[in-house]
Amino acid sequence: MAVVTTYKKSSPYGGTPYLEGKFLDIWNYKTIPPQADDIFTEITATYQFRPDLMSFDLYGTVEYWWVFIMRNRDVLRDPIFDFTTGTGIYIPKLSTIQSNIG
């Protein structure tokens, strides 16, 4: 018997429908559009390969690790190995994230 798990809204898979109640359908990815108040910064050695740590320090939860990738898709292709020291990225405000994920 298959157990159907639904993902939280804060997950990058939240909102992706299930097929036959068992399988994820085509990924319905969430976008984080550019805003005038986004902050441009460089990734420091503390956060190298660790978007989860940056998410925790900035937003108080590790669940928004994927936001950096979705906001900086032209720079970060790989969510872990492109998250390197010296890479310049835009960081959205928490209110922007919450308004986009529902």
Side-chain angles (χ1 to χ4, degrees):
M1 185 168 141
V3 175
V4 176
T5 304
T6 56
Y7 290 92
K8 296 179 187 178
K9 287 183 178 182
S10 60
S11 167
Y13 303 108
T16 300
Y18 283 91
L19 292 175
E20 302 172 10
K22 299 179 193 175
F23 309 101
L24 278 177
D25 198 352
I26 296 171
W27 181 33
N28 183 12
Y29 69 90
K30 300 171 184 178
T31 59
I32 306 295
Q35 300 292 321
D37 59 356
D38 288 348
I39 299 169
F40 185 79
T41 190
E42 289 187 358
I43 298 169
T44 63
T46 303
Y47 302 117
Q48 176 143 327
F49 307 128
R50 298 300 304 268
D52 57 332
L53 291 181
M54 182 179 266
S55 171
F56 183 79
D57 287 348
L58 293 174
Y59 307 124
T61 179
V62 296
E63 293 182 352
Y64 294 141
W65 64 270
W66 55 273
V67 167
F68 306 118
I69 290 79
M70 297 312 289
R71 172 58 184 88
N72 299 280
R73 292 177 56 156
D74 56 334
V75 177
L76 302 172
R77 303 262 183 210
D78 184 289
I80 306 300
F81 295 110
D82 286 344
F83 211 81
T84 57
T85 303
T87 302
I89 61 171
Y90 287 96
I91 298 178
K93 286 185 162 184
L94 181 59
S95 60
T96 302
I97 297 167
Q98 291 171 336
S99 68
N100 281 288
I101 65 172

Chi angles and distances behind the side chain to side chain contact (heavy atoms under 4.5 Å, CB included) call for T46, L53: CA-CA 8 Å; T46 303; L53 291 181; 5.6 Å; no
Got [X] and [Y] here, is their nearest side-chain heavy-atom distance under 4.5 Å?
X	Y	result
T87	V75	yes
P79	W66	no
S55	V67	no

Side-chain (D57) to main-chain (M54) donor-acceptor, under 3.5 angstrom: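 No; zero donor-acceptor contacts below 3.5 Å.
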Out of the candidates F83, F81, W65, only one should pair with F49 under the ring pair (Phe, Tyr, Trp, His ring centres under 6.0 Å) rule; please name it.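 Among the candidates, only F81 passes.
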Would you call the rings of Y59 and F68 parallel, tilted or perpendicular, taking 30° and 60° as the class edges?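 Judged by the thresholds at 30° and 60°, the geometry between Y59 and F68 is parallel.
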Spatial distance of atom [atom1] ([X]) from atom [atom2] ([Y]) [nearest 0.5 Å]:
X	Y	atom1	atom2	result
I89	D82	CD1	CG	11.5 Å
T84	E42	OG1	CD	10.0 Å
T31	I101	OG1	CD1	12.0 Å
I32	D38	CD1	CG	9.5 Å

If we check side chain to side chain contact (heavy atoms under 4.5 Å, CB included) with P92, which of these qualifies: R71, Q35, M70?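 Passing option: R71.
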Between Y90 and F40, is a ring pair (Phe, Tyr, Trp, His ring centres under 6.0 Å) present by the stated rule, with each step listed? CA-CA 4 Å; Y90 287 96; F40 185 79; 5.0 Å; yes
In terms of hydrophobic clusters joined by side-chain contacts under 4.5 Å, are L76 and I91 together?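 Linked within one cluster.
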Before you tell me yes or no, could you show the steps for Y64 and L94 under side chain to side chain contact (heavy atoms under 4.5 Å, CB included), namely the whole-Å CA-CA distance, both residues' side-chain angles and the distance that decides it to 0.1 Å? CA-CA 9 Å; Y64 294 141; L94 181 59; 3.7 Å; yes
